[in-house]
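Okay, structure first, notes after.
Since the model is a prediction, treat every value here as computed from it, not as a measurement.
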Amino acid sequence: MEHIEPEGRPSEARSRLLETATRIFYTEGIHKVGIERIVTEAQVTRATLYRHFPGKQDLVLAYLTEADQAIRGQAERAVTAGLPPADALRALGRSIADGIQSPGFRGCAFLNAVAEYPDPSSPVHQAVLAHRAWFLDTVTGLLTRLRGAPAEPAARHFVMIRDGAMAAGCLFDPALISETFLRGVERLIEISSGPAEH
């Protein structure tokens, strides 16, 4: 029988399901992985899985929610540390570079997911777009504070170099890719620190 934790905390079975799905979805892809494999590796019954996640899509969305919360936490630490905007951007860049160099790095979970769910009306596709909109807004806010003027074009540039680094980081030397990415961030900060254009 499933163990229910005190109110407000997920059950042990739900946590195992989500941890198992996260590991397999990230390393092998989402469509390739069947429900049977997830329940076997999580050591729960199929009924337990469906009690927590009515369908595979619900499990995929929970996986992306966990990834979103982890990235938001990293960004929040950089933004709320009381650092000047340039240093907050450096801290955000460093957390991205550290992720690229982490063991088992397989690129951006969101870019990987959207490649498997290209239909814009898919809830998975929508979850990816929502995450990316939040990330762009976060970077735009930091660059606007740095620049003293609207900075969405520069923020889009930051997101693009981040996307390139995430893609290249699982293909080439992660240390070299991280170093190149951080140099790009530094250059963007330098350009954005100049006088605002009117």
Just so I know, are the side chains of [X] and [Y] near enough to count as touching, which here means a heavy-atom distance under 4.5 Å?
X: Gln43; Y: Thr20; result: no
X: Leu59; Y: Leu49; result: yes
X: Val159; Y: Arg156; result: no
X: His125; Y: Asp119; result: no
X: Glu36; Y: Arg46; result: yes
X: Glu12; Y: Val44; result: no
X: Leu61; Y: Val124; result: yes
X: Leu146; Y: Ser193; result: yes

Nearest heavy-atom neighbours spanning [X] and [Y]:
X: Leu64; Y: Ala109; result: CD2-O, 4.2 Å
X: Asp163; Y: Arg132; result: OD2-NH2, 2.6 Å
X: Phe53; Y: Ala62; result: CE2-CB, 3.6 Å
X: Glu152; Y: Leu136; result: OE2-CD2, 4.1 Å

Query raised in the report: Step by step, would you call Asp68 with Phe110 a side-chain contact (heavy atoms from CB on, under 4.5 Å)?
Result: CA-CA 9 Å; Asp68 175 70; Phe110 294 92; 3.8 Å; yes
Interatomic distance, [X] atom [atom1] to [Y] atom [atom2] [nearest 0.5 angstrom]:
X: Ile177; Y: Leu182; atom1: CD1; atom2: CG; value: 11.5 Å
X: Arg94; Y: Asp98; atom1: CZ; atom2: CG; value: 5.0 Å
X: Glu116; Y: Phe25; atom1: CD; atom2: CZ; value: 9.0 Å
X: Ile30; Y: Gln57; atom1: CD1; atom2: CD; value: 10.5 Å
X: Ile38; Y: Ile24; atom1: CD1; atom2: CD1; value: 6.0 Å
X: Ser192; Y: Arg187; atom1: OG; atom2: CZ; value: 10.0 Å

Query - Common cluster, Met166/Trp134, ILVMFWY with side-chain heavy-atom separation under 4.5 Å - result: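 Yes.
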**Report entry** Tyr63 reachable from Tyr50 in the ILVMFWY side-chain graph, under 4.5 Å edges
**Finding:**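 Same hydrophobic cluster.
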**Report entry** Ion pair Glu41/Arg16, N-O distance below 4.0 Å
**Finding:**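 No, this pair does not count.
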Query - Cationic N near anionic O, under 4.0 Å, Arg183 to Glu179 - result: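 Glu179 and Arg183: salt-bridged.
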I'd like to know if the side chain of [X] reaches the main chain of [Y], judged simply by a donor and an acceptor atom lying under 3.5 Å from each other, with no hydrogens or angles considered.
X: Ser11; Y: Arg14; value: yes
X: Ser178; Y: Ala175; value: no
X: Ser102; Y: Gly99; value: yes

Requested in this report: Give the ring-plane orientation class for Phe135 versus His131, where under 30° counts as parallel, over 60° as perpendicular and anything between as tilted.
Outcome: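 Answer is parallel, since the angle falls under 30°.
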**Report entry** Ring geometry between Phe181 and Phe158 (parallel below 30°, tilted from 30 to 60°, perpendicular above 60°)
**Finding:**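 Answer is perpendicular, since the angle exceeds 60°.
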Report task. State whether the number of non-hydrogen atoms from other residues, nucleotides or ligands found under 6.0 Å of Glu76 atom CD is greater than 12. Result ->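 Not more than 12 within 6.0 Å, no.
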Query raised in the report: Under 6.0 Å from the CD atom of Gln101, do we count more than 12 heavy atoms belonging to anything else shown?
Result: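 Correct, the count exceeds 12.
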Requested in this report: Show your reasoning for whether side-chain contact (heavy atoms from CB on, under 4.5 Å) applies to Gln69 and Arg72.
Outcome: CA-CA 5 Å; Gln69 289 172 350; Arg72 283 178 190 252; 5.5 Å; no
